[in-house]
S.K.: 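My structure is below; once you've seen it, I'll send some questions.
Just so you know, these numbers come straight off a predicted model, no measurement behind them.
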Amino acid sequence: MRTPTRLIVAIGLFLSGPAAAQDWQATERVEPYTVQGSTGLEIYRSIGERGPKLGIARVIAHTGFKLTWTRKYERQGDACVITVNKPKLIITYTLPKLKSKLSEPLKSRWDTFIAGVTAHEKIHGDFIKDMVKQIEAMSVGMTVENDPNCQKIRPQLQARLGELSDAQRARSRDFDKVELSDGGNVHQLILQLVDPR
């Protein structure tokens with residue numbers, strides 16, 4: 001995407017993990033990084049210099065997560081069954097925080113920009129939560145016959161988790177493709193911050 005400065009806009013995702021049900025909630029937190037400037041272009045350049053790194057490029061914002069599980073495998077006859085698979089999901093949104101005091105109309109433009117970027121990241125967070133719920137739904141009650149020592153079930157579970165993780169990443173990439181394309185929502189937010197007309 002071509003933008004007023006050569007900052008590559010990307011909203012990142014980390015590898016996803018399992019599960020979710022009715023008795024858990026994701027913990028969501030914001031990790032701010034400081035930017036400054038007295039014009040929209042200066043602020044945007046500051047984002048380009050200080051934003052989180054994703055690969056070799058710096059990005060405006062990033063959604064990452066840490067996922068761990070409390071999982072119980074039980075032998076039932078000659079089969080192995082997953083009877084508990086409870087996730088602990090922490091989602092971290094890395095977002096710019098403006099240090100400079102702004103006057104109008106730049107303050108309103110910044111407020112619109114950061115609200116839009118935050119909303120974009122929250123959708124990535126929703127995708128992650130959806131994936132965890134799908135993993136939990138498919139894994140609790142998962143049964144592998146002829147597996148009394150619960151050895152065969154683990155690679156089968158991991159293969160299915162990989163499929164759901166891949167699907168979540170593809171969903172996020174498709175969303176970003178639309179949002180970050182010329183004329184897309186995030187692209188418009190940048191243009192309105194940097195070069196309002």
Side-chain angles (χ1 to χ4, degrees), residues 9-35 47 50-55 58-76 80-98 110-144 150 153-180 184-186 189:
V9 182
I11 313 295
L13 263 285
F14 282 175
L15 263 176
S16 314
Q22 304 162 343
D23 60 347
W24 67 271
Q25 273 194 324
T27 299
E28 297 180 78
R29 62 189 190 90
V30 173
E31 195 171 270
Y33 67 93
T34 303
V35 297
I47 289 170
R50 301 177 185 198
K53 272 197 165 182
L54 190 63
R58 290 199 181 270
V59 298
I60 292 174
H62 180 268
T63 299
F65 67 94
K66 180 181 179 183
L67 179 60
T68 55
W69 293 93
T70 300
R71 190 175 291 144
K72 186 174 181 184
Y73 299 89
E74 283 187 13
R75 178 178 177 175
Q76 295 183 3
C80 182
V81 180
I82 297 175
T83 56
V84 174
N85 201 20
K86 185 175 179 183
K88 180 179 179 183
L89 175 62
I90 302 170
I91 299 173
T92 302
Y93 304 104
T94 304
L95 296 163
K97 182 175 183 180
L98 190 62
W110 168 258
D111 290 345
T112 299
F113 173 82
I114 194 60
V117 168
T118 301
H120 176 100
E121 292 303 316
K122 292 283 188 176
I123 291 172
H124 282 296
D126 289 343
F127 290 169
I128 293 165
K129 287 183 264 187
D130 287 349
M131 177 204 62
V132 171
K133 289 172 186 172
Q134 290 170 13
I135 291 170
E136 184 180 42
M138 87 63 192
S139 59
V140 174
M142 182 177 178
T143 303
V144 174
C150 291
I153 197 169
R154 294 168 199 265
Q156 291 187 31
L157 175 63
Q158 289 305 314
R160 186 70 182 110
L161 298 185
E163 292 170 8
L164 291 172
S165 178
D166 289 346
Q168 177 263 323
R169 286 198 300 272
R171 185 182 183 195
S172 286
R173 280 193 305 269
D174 290 345
F175 174 63
D176 278 346
K177 225 176 265 183
V178 173
E179 290 271 294
L180 304 175
N185 185 49
V186 173
L189 289 169

S.K.: Specify whether Phe175 and His120 have parallel, tilted or perpendicular ring planes, treating 30° as the upper limit for parallel and 60° as the lower limit for perpendicular.
M.R.: parallel
S.K.: Would you indicate whether the side-chain heavy atoms of Thr118 and Tyr93 approach each other to under 4.5 Å?
M.R.: no
S.K.: Quick check: closest heavy atoms across Ser139 and Asn85, and the distance to 0.1 Å?
M.R.: OG-ND2, 2.6 Å
S.K.: Are any of the side-chain heavy atoms of Met138 and Leu157 separated by less than 4.5 Å?
M.R.: yes
S.K.: Which heavy atom of Cys80 sits nearest a heavy atom of Ile153, and at what distance?
M.R.: O-CD1, 3.6 Å
S.K.: Identify the heavy atoms of Tyr73 and Cys150 that sit nearest to each other, and give their distance.
M.R.: CB-SG, 3.8 Å
S.K.: Any non-hydrogen side-chain atom of Asp130 less than 4.5 Å from a side-chain atom of Arg171?
M.R.: yes
S.K.: Any side-chain to backbone donor/acceptor pair from Thr143 onto Gly141? Under 3.5 Å, distance only.
M.R.: yes
S.K.: Less than 4.5 Å apart, any side-chain heavy atom of Gln156 and any of Met142?
M.R.: yes
S.K.: Drop me the distance from Thr34's OG1 to Arg50's CZ, to the nearest 0.5 angstrom.
M.R.: 7.0 Å
S.K.: How long is the straight-line distance from OG1 of Thr92 back to CZ of Phe65, given to the nearest 0.5 Å?
M.R.: 10.5 Å
S.K.: Below 4.0 angstrom, N of the basic side chain to O of the carboxylate: do Asp166 and Arg169 qualify?
M.R.: yes
S.K.: Hey, are the side chains of Ile91 and Lys129 touching, using non-hydrogen atoms and a 4.5 Å cut-off?
M.R.: yes
S.K.: Please report the shortest heavy-atom distance between Ile135 and Leu161, naming the atom on each side.
M.R.: CG2-CD2, 3.1 Å
S.K.: Do Ile128 and Gln168 have side chains that approach each other closer than 4.5 Å (heavy atoms only, starting at C-beta)?
M.R.: yes
S.K.: State, yes or no, whether a side-chain contact exists between Leu98 and Phe113 at a heavy-atom distance under 4.5 Å.
M.R.: no
S.K.: Between CD of Glu74 and OG1 of Thr83, what distance do you get to the nearest 0.5 Å?
M.R.: 3.5 Å
S.K.: What distance do Glu28 atom CD and Lys122 atom NZ have between them, rounded to the nearest 0.5 Å?
M.R.: 4.5 Å
S.K.: Check His62 against Glu121 and note the closest heavy-atom contact, atom names and distance.
M.R.: C-OE1, 3.3 Å
S.K.: Kindly give the heavy-atom pair with the smallest separation between Ile60 and Pro52, and that separation in Å.
M.R.: O-CD, 4.1 Å
S.K.: Within the 4.5 Å heavy-atom criterion, are Ile123 and Glu179 side-chain neighbours or not?
M.R.: no
